[in-house]
Chemist: 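Quick one: the structure is below, questions incoming.
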Amino acid sequence: MESFKYNPQSSVADEFICHDEILASLQFAEAHKNDEALLAQILAKAKEEKGLSHREALVLLASDNAATNQQIEALAKKIKLDFYGNRIVLFAPLYLSNYCVNGCTYCPYHAINKHMPRKKMTQDEIKEEVIALQDMGHKRLALELGEHPTMNPLEYVLESIDTIYNIKHKNGAIRRVNVNIAATDEASFAKLKDAGIGTYILFQETYNRQRYEALHPTGPKHDYNRQTEAMDRAMRGGIDDVGIGVLFGLSTYLYEFTALLMHVEHLKAVFGVGPHTISVPRLRPADGINPEQFADCISDDIFVKIVACLRIAVPTAGMIISTRESKETRERVLQLGISQISGGSKTSVGGYSQAHAENSDSAQFDVCDNRTLDEVVYWLLGNGHIPSFCTACYRKHRTGEAFMKLCANKSIHHFCHPNALLSLQEYLTDYASPATKALGEKVIAAEVAKLPPQSAKFVLQHLQDIKNGNDRDFYL
């Protein structure tokens, strides 16, 4: 492999996301994408389920060999089941504020958008939103807000996290708050860690520096290094779990795929553990934003193959897809690698409670899957998945390297599957429609029958406790 200045152990953005190495990898993949001997060699390595290098995975993604593509899909399905089973974790985004000083040309929150209503929720308004989410059945949130040093300071985020964790309504409680806020400094990341966040999430948007700087002409987000090196600062600040991703459609997908995997390799090389999650959002229509203005939008078939190749390349990482995608697309990729999805989502500030329904015109992007959470749960159950609301790993300190070790040796199932069934029973008892409850309890009974005796005993005992209304939040 050519050396250039590529160095996954470096903390300098242009060295661990090395443009020359990406170009060389793209050239290599183009030259070898139908090399049957090489493809067979890469697939044989992939079947060991220990992952692939960025260049190996890129060759698979670039290949238009029909037999290879069938093997990729079959292998992605197997790896998904081997590492994450048939569980699908559910969450919802919660938008706190759409004030922003950046000039991102693909986002309606950009500072020069003068006609979008701006809103920042008070703590009382956040409480109303969280109660609405609890009444839907959600236990896990991802906080979203624009970057604004005076309207959205870190202190506001920390206060909001504290508010959310302390809201108990009927049987509802938010047990995990993930945070998707702008890149910040190490000391601020340490404060987020102390506040009890789960995963710190930050999308690179695009790893192509030239494209990145053009798409972010103004504001602090214009600084490519600040964005690209943020996960290093987060992990040095003590955050165990980080979530990375790109916004597919801003630059060529082969470039972004390669760089994304180089970022994974960098985090493993420096911190010994890769990202907890990888997200795969695509451009969606929004206020003043038309995806067709961007030349690099990708088809559903390419998108599905990206998910499959990422699953093969990084078997241990959770993979997230949001309501940006349609029901049909989500159904395709759930089998191939996705382990977390949002449900019943709103992308506007104050979008969940009736009191703030007028803020629907402040959405960051158009939601493509508009089903309720209950409809999503019923759909998952009907397609052989176990909807999970579990957050036990974060209370039992199975995070970072500890989680990845359990995931890598496939023993995480011993915890996650029983816990998923118990959290599903909570949802069925407290929130589900009659049809969803009936189907869910049938699925739970079938799954309990597959558990080892001790796990089955634990689950059966606490399933009954939940049904009797005695208590909630049981987990291994």
Chemist: Who passes side chain to side chain donor-acceptor pair (under 3.5 Å) against Tyr200, sequence neighbours left out?
Modeler: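 Residues passing side chain to side chain donor-acceptor pair (under 3.5 Å) with Tyr200: none at all.
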Chemist: So Arg282 and Phe303, do their side chains get closer than 4.5 Å, heavy atoms only?
Modeler: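 Result yes, sub-4.5 Å side-chain heavy-atom pair found.
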Chemist: Can Lys268 and Glu265 be counted as an ion pair, charged N to O under 4.0 angstrom?
Modeler: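 Result for this pair is no, no salt bridge flagged.
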Chemist: Report yes or no: do Thr399 and Asp241 form a side-chain donor-acceptor pair below 3.5 Å?
Modeler: no
Chemist: Please check if the side chain of Glu375 supplies one atom and the backbone of Thr372 the other of a donor-acceptor pair under 3.5 Å.
Modeler: yes
Chemist: For the pair Lys50 (side chain) and Lys47 (backbone), establish whether a donor and an acceptor sit closer than 3.5 Å, ignoring hydrogens and angles.
Modeler: no
Chemist: Step by step, would you call Ile161 with Val179 a side chain to side chain contact (heavy atoms under 4.5 Å, CB included)?
Modeler: CA-CA 9 Å; Ile161 294 170; Val179 175; 4.0 Å; yes
Chemist: Under 4.0 Å between a side-chain nitrogen and a carboxylate oxygen: does that hold for Arg395 and Asp473?
Modeler: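 A salt bridge links Arg395 with Asp473.
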Chemist: Could you tell me if the side chain of Leu261 sits less than 4.5 Å from the side chain of Leu58, heavy atoms only?
Modeler: no
Chemist: Look up atom CG in Leu94 and atom CD1 in Ile164, then write down how far apart they are to the nearest 0.5 Å.
Modeler: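 Leu94 atom CG to Ile164 atom CD1 measures 5.5 Å (nearest 0.5 Å).
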Chemist: Verify whether one side chain among Asn98 and Lys119 offers a donor that lies under 3.5 Å from an acceptor in the other.
Modeler: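 No, no side-chain donor-acceptor contact under 3.5 Å.
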Chemist: For Lys346, does its backbone N or O pair with a side-chain atom of Tyr95 as donor and acceptor, under 3.5 Å?
Modeler: no
Chemist: In Å and rounded to the nearest 0.5 Å, what is the CG to CZ distance from Leu247 to Phe203?
Modeler: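 Result: 8.5 Å between the selected atoms.
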Chemist: Apply the test side-chain hydrogen bond (donor to acceptor under 3.5 Å, both in side chains) to residues Asn468 and Gln464: give CA-CA distance (whole Å), side-chain angles for both, the deciding distance (0.1 Å), then the verdict.
Modeler: CA-CA 6 Å; Asn468 293 341; Gln464 196 58 50; 3.1 Å; yes
Chemist: Could you list the residues that satisfy side-chain contact (heavy atoms from CB on, under 4.5 Å) with Asp232, not counting sequence neighbours?
Modeler: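 In terms of side-chain contact (heavy atoms from CB on, under 4.5 Å), with neighbours along the sequence ignored, Asp232 is linked to Ser11, Phe16, Arg236, His266, Leu267, Phe271.
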Chemist: Less than 4.0 angstrom from a charged side-chain N to a carboxylate O is my criterion; do Asp240 and Lys193 meet it?
Modeler: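 Between Lys193 and Asp240 there is a salt bridge, with a charged N closer than 4.0 Å to a carboxylate O.
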Chemist: Closer than 4.0 angstrom, basic N to acidic O: yes or no for Lys221 and Glu147?
Modeler: no
Chemist: Contact between Met116 and Pro108 at the side-chain level, heavy atoms closer than 4.5 Å - yes or no?
Modeler: yes
Chemist: Taking atom types as modelled, find out whether Glu159 and Thr163 have a side-chain donor-acceptor pair closer than 3.5 angstrom.
Modeler: no
Chemist: Taking the side chain as every heavy atom from C-beta outward, state whether Leu61 and Thr258 have any pair of such atoms under 4.5 Å apart.
Modeler: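 No, their side chains stay 4.5 Å or more apart.
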Chemist: Are more than 12 heavy atoms from other residues, nucleotides or ligands located less than 6.0 Å from atom OH of Tyr378?
Modeler: no
Chemist: Taking Thr199 as the fixed residue, which of Arg176, Gln340, His276 is the one that meets the side chain to side chain donor-acceptor pair (under 3.5 Å) rule?
Modeler: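 Only one option passes, and that is Arg176.
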Chemist: Would you call Glu49-Lys78 a salt bridge at under 4.0 Å N-O?
Modeler: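 Answer for the salt bridge query: yes.
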Chemist: Is there a donor-acceptor contact under 3.5 Å from the side chain of Arg233 to the main chain of Arg226?
Modeler: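 Confirmed, Arg233 side chain pairs with Arg226 backbone.
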Chemist: May I ask you to check whether over 12 heavy atoms, not counting those of Lys442, lie within 6.0 Å of atom NZ?
Modeler: no
Chemist: Do we get Lys396 above Phe415's six-membered ring, with its NZ or CZ under 6.0 Å from the centre and within 45° of the axis?
Modeler: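 Not flagged: Lys396 not positioned over aromatic ring of Phe415.
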Chemist: Around atom NZ of Lys127, are there more than 12 heavy atoms from other residues, nucleotides or ligands closer than 6.0 Å?
Modeler: no
Chemist: When you check the gap from the basic side-chain N to the acidic O, do Glu401 and Lys405 get nearer than 4.0 Å?
Modeler: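 Salt bridge between Glu401 and Lys405, a charged N being under 4.0 Å from a carboxylate O: yes.
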Chemist: Is Asp82 salt-bridged to Arg311, going by a charged N under 4.0 Å from an acidic O?
Modeler: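 Not counted as a salt bridge, because no side-chain N and carboxylate O are separated by less than 4.0 Å.
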Chemist: Using atom types as modelled and distance alone, determine if a side-chain donor or acceptor of Ser339 lies under 3.5 Å from a backbone N or O of Met319.
Modeler: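 Flag set: sc Ser339 to bb Met319 pair under 3.5 Å.
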Chemist: Using modelled atom types only, decide if a donor and an acceptor are shared between the side chain of Arg87 and the backbone of Leu421 within a distance under 3.5 Å.
Modeler: no
Chemist: Using the side-chain hydrogen bond (donor to acceptor under 3.5 Å, both in side chains) rule, take Asp374 and Thr436 through it: C-alpha gap first, then chi angles, then the decisive distance, then the call.
Modeler: CA-CA 7 Å; Asp374 191 75; Thr436 300; 2.9 Å; yes
Chemist: With the threshold set at 4.0 Å, does a side-chain nitrogen-carboxylate oxygen contact exist between Arg175 and Glu426?
Modeler: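 Yes, this pair counts.
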Chemist: Is there a side-chain contact between Met136 and Leu133 (heavy atoms, below 4.5 Å)?
Modeler: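 Sidechains of Leu133 and Met136: in contact.
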Chemist: Under 3.5 Å, is there a donor-acceptor pair linking the side chains of Thr329 and Ser326?
Modeler: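 Side chains of Thr329 and Ser326: pair found under 3.5 Å.
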Chemist: When you measure from the side chain of Tyr165 to the backbone of Val177, do you find a donor-acceptor pair of N or O atoms at a distance under 3.5 Å?
Modeler: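 A pair under 3.5 Å: yes.
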Chemist: Considering residues at least two apart in sequence or located in another chain, which fulfil the side-chain contact (heavy atoms from CB on, under 4.5 Å) criterion with Ala438?
Modeler: none
Chemist: How about Phe389 and Tyr427: are their ring centroids closer than 6.0 Å?
Modeler: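 Distance test on ring centres: under 6.0 Å, yes.
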Chemist: Can you measure from CZ (Arg398) to CD1 (Ile412) and round to the nearest 0.5 angstrom?
Modeler: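 Going from the CZ atom of Arg398 to the CD1 atom of Ile412 covers 5.5 Å.
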Chemist: With rounding to the nearest 0.5 angstrom, report the CZ to CD1 distance, Phe189 to Ile197.
Modeler: 8.5 Å
Chemist: Within the side chain of Glu129, is there an N or O that forms a donor-acceptor pair under 3.5 Å with the backbone of Gly351?
Modeler: yes
Chemist: Quick one: side chain to side chain donor-acceptor pair (under 3.5 Å) pairs with a partner in residues 133-143, sequence neighbours left out?
Modeler: Asp135-His169
Chemist: Apply side-chain contact (heavy atoms from CB on, under 4.5 Å) to Asn370 and list each qualifying residue two or more places apart in sequence or on a separate chain.
Modeler: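 Asn370: side-chain contact (heavy atoms from CB on, under 4.5 Å) contacts with Val367.
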Chemist: Any donor and acceptor pair, going by atom type alone, linking the side chain of Asn152 with main-chain N or O of Gly146 inside 3.5 Å?
Modeler: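 Judged by distance alone, yes, a pair lies under 3.5 Å.
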Chemist: Under a 3.5 Å distance rule, please check whether Lys45 uses its side chain to pair with a backbone N or O of Leu52 as donor and acceptor.
Modeler: no
Chemist: Step by step, work out the salt bridge (Lys or Arg N to Asp or Glu O under 4.0 Å) result for Asp369 and Arg330.
Modeler: CA-CA 9 Å; Asp369 186 345; Arg330 301 214 301 174; 3.1 Å; yes
Chemist: Can you find a side-chain donor-acceptor pair between His413 and Ser411 that sits under 3.5 Å?
Modeler: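 No - no donor-acceptor pair under 3.5 Å links their side chains.
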Chemist: Does a side chain donor of either Gln204 or Glu256 reach within less than 3.5 Å of an acceptor in the other side chain?
Modeler: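 Not at all, the side chains of Gln204 and Glu256 share no donor-acceptor pair under 3.5 Å.
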Chemist: Measure across Ile72 and Ile312 and return the closest heavy-atom pair with its distance rounded to 0.1 Å.
Modeler: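 Scanning both residues, the minimum pair turns out to be O-CD1, 3.5 Å.
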Chemist: With sequence neighbours left out, what residues match Phe458 under side-chain contact (heavy atoms from CB on, under 4.5 Å)?
Modeler: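 Listed in chain order: Leu422, His462, Leu476.
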Chemist: CG/Leu428 to CG/Leu463 distance, rounded to the nearest 0.5 angstrom?
Modeler: 9.5 Å
Chemist: Salt bridge or not for Asp430 and Arg472, using N-O below 4.0 Å?
Modeler: yes
